[in-house]
Peer 1: 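Next up is a structure, given as structure tokens.
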Amino acid sequence: MHKHTGERVAGPMALEDLISKNVKEGTVPEQLYRHSRPKFHNMLHEQLEGIGVVVEYGMDVVEYFENVARGRAGVVLKDGSRREADLIVAADGVRGNSWQLVAGKPVPARSSGNAIFRVAFPVELALADPLVAERFKLLDDGQSVFELWAGPGMHASFWRNQDQMFWSITHPDLGTAAESWGHVVNPEEVLKYTSTVPGWPEIADRVIMTTPSDQLVDWKLMWRDPQPQWTSPGGFVVQLGDAAHTFLPSSGNGGTQAMEDAISLAACIAMAGSKEHIPDATRVHNLLRFERVSCLQAFGVLNQARHNTQISDKPRPPHLGRWILEHDPEEYVRQKYDTALASLKNGTPFQNTNIPSGLVYTPWTIDGLLEAAERGERTVLDGDWD
């Protein structure tokens, strides 16, 4: 943990030390992982190829539809062609086009007011600068250190590991960022920004200057108020990941929750047992997942506000409670599917247990959450988050 000046104020600490002491023994993995997304995506792609699933790229989806009488759903592509299936999973991100079908109208995301410079590149390029090589060393046992820097109106991270140099800077959006991995900017643009940050150290700028000019992304951070409905009226289209629930990087959970979504949805389909019951599966999945991801969305919203204002000799590190780490979405579906389905069909009471203990979920909006926190009032984040 560092100030924005580069001064270290806590750590280094093991990721495992961030876990609540109340987490049950035996339910926490021996190691927590921070993955390289390109490597992770490549692993998934290789697995798909191995089981004969073909991935087609450049297929821009412009519309979703369903035919309840036929029990089918589909998409319309940009070239006008149509694809149909028993179930359509809309996992096309924050700007996806499924809201017209799901909600009956567009539900646009809006800017959070921030953007993030983010990049990863071969570590050799960074270590070519001897001062960077001296400052960002591996530990004596070969482990890498992930550094979090917090300052006024911004926060940053630096991670030199065995084969890559990663850094990011969350900054006020000046209208030049875009929600696209193809929106690259020159490192000189970052240096213009860091020159306005009081006390920003030269060593951080030296890391920035080692960055390849064709790989640095300026990503606009978008958010959308929680939307409890992720399924189409007939239940044959279901949203997943950021298409259903936008996450800020400050939640530390966006990718993880998308994977939990996928596991939950697959388990619900298995429990449904046949194509005819796909609408039951998607609606149960929606019921089991919404409150959990909504809590973590709220955590990310407040976390970003705290990061951007936190200048302290004792900054608070992230904290991983048992309700996050002990959750098994597949087992949860097995335990809750029947009672959740009965609740949807008959109106019988249903209570999720994959949220903080003692929490009674109440709907919230981004603006309302920030305003209530500013006034010191109770929010959806109250409860036993440990």
Side-chain angles (χ1 to χ4, degrees), residues 44 48 51-109 224 226-246 257-294 329-330 332-334 336-347 350 352:
L44 296 177
L48 288 170
I51 60 175
V53 175
V54 177
V55 179
E56 298 179 76
Y57 294 95
M59 302 290 155
D60 292 345
V61 173
V62 297
E63 183 184 345
Y64 291 80
F65 64 89
E66 66 182 350
N67 187 315
V68 177
R70 292 175 49 229
R72 298 282 283 178
V75 296
V76 179
L77 302 182
K78 192 174 183 179
D79 64 6
S81 62
R82 298 160 71 92
R83 306 289 178 89
E84 285 195 6
D86 300 311
L87 169 65
I88 296 292
V89 181
D92 49 358
V94 67
R95 291 191 183 276
N97 292 311
S98 56
W99 283 108
Q100 186 66 50
L101 177 61
V102 169
K105 61 181 181 180
V107 184
R224 180 188 286 116
Q227 304 294 318
Q229 181 73 23
W230 303 344
T231 62
S232 58
F236 293 97
V237 175
V238 60
Q239 297 168 326
L240 184 147
D242 271 2
H245 42 75
T246 57
Q257 291 310 307
M259 287 188 283
E260 284 193 11
D261 279 354
I263 294 166
S264 170
L265 180 59
C268 284
I269 293 169
M271 290 291 290
S274 68
K275 292 192 295 185
E276 291 73 22
H277 294 130
I278 279 176
D280 289 342
T282 59
R283 290 164 181 151
V284 168
H285 162 75
N286 193 160
L287 178 60
L288 298 183
R289 294 290 302 158
F290 170 70
E291 291 181 356
R292 177 174 175 82
V293 297
S294 182
E330 186 173 6
Y332 190 69
V333 168
R334 293 195 188 104
K336 300 288 188 179
Y337 188 91
D338 291 338
T339 54
L341 183 59
S343 177
L344 291 172
K345 289 185 176 296
N346 307 321
F350 179 79
N352 273 303

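All heavy atoms count here, side chains included; hydrogens, waters and symmetry mates do not.
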Peer 1: Does K345 have any salt bridge (charged side-chain N to carboxylate O under 4.0 Å, His left out) partners at least two apart in sequence or in another chain, and if so, which?
Peer 2: D280
Peer 1: What's the separation between atom CG in L101 and atom CD in E66, rounded to the nearest 0.5 Å?
Peer 2: 5.0 Å
Peer 1: Give the intermediate values and the outcome of side chain to side chain contact (heavy atoms under 4.5 Å, CB included) for residues N286 and V238.
Peer 2: CA-CA 8 Å; N286 193 160; V238 60; 5.9 Å; no
Peer 1: List the atom pairs, donor and acceptor, that lie under 3.5 Å between side-chain atoms in residues 74-83 and the rest of the protein, sequence neighbours left out.
Peer 2:
from: D79; atom 1: OD1; to: S81; atom 2: N; distance (Å): 2.9
from: D79; atom 1: OD1; to: S81; atom 2: OG; distance (Å): 2.6
from: R83; atom 1: NH1; to: E56; atom 2: OE2; distance (Å): 3.0

Peer 1: Tell me the closest heavy-atom pair linking S264 and H285, and the distance in Å.
Peer 2: OG-ND1, 2.9 Å
Peer 1: Please list, chain by chain and in numerical order, all residues satisfying salt bridge (charged side-chain N to carboxylate O under 4.0 Å, His left out) with D86, sequence neighbours excluded.
Peer 2: R72, K275
Peer 1: Ignoring hydrogens and geometry, is there a side-chain-to-backbone donor-acceptor pair from T246 to V94 under 3.5 Å?
Peer 2: no
Peer 1: Could you pull out the closest heavy-atom pair between A73 and V237, with the gap in Å?
Peer 2: CB-CG2, 3.8 Å
Peer 1: Side chains of T231 and Q229: is there a donor and an acceptor less than 3.5 Å apart?
Peer 2: yes
Peer 1: Can you give me the closest heavy-atom contact between D92 and A243, atom names plus distance?
Peer 2: OD1-CB, 3.7 Å
Peer 1: Is a donor on one side and an acceptor on the other found under 3.5 Å between the side chain of R289 and the backbone of Q257?
Peer 2: yes
Peer 1: Aromatic rings H245 and W230: how do their planes relate, parallel, tilted or perpendicular, breaks at 30° and 60°?
Peer 2: tilted
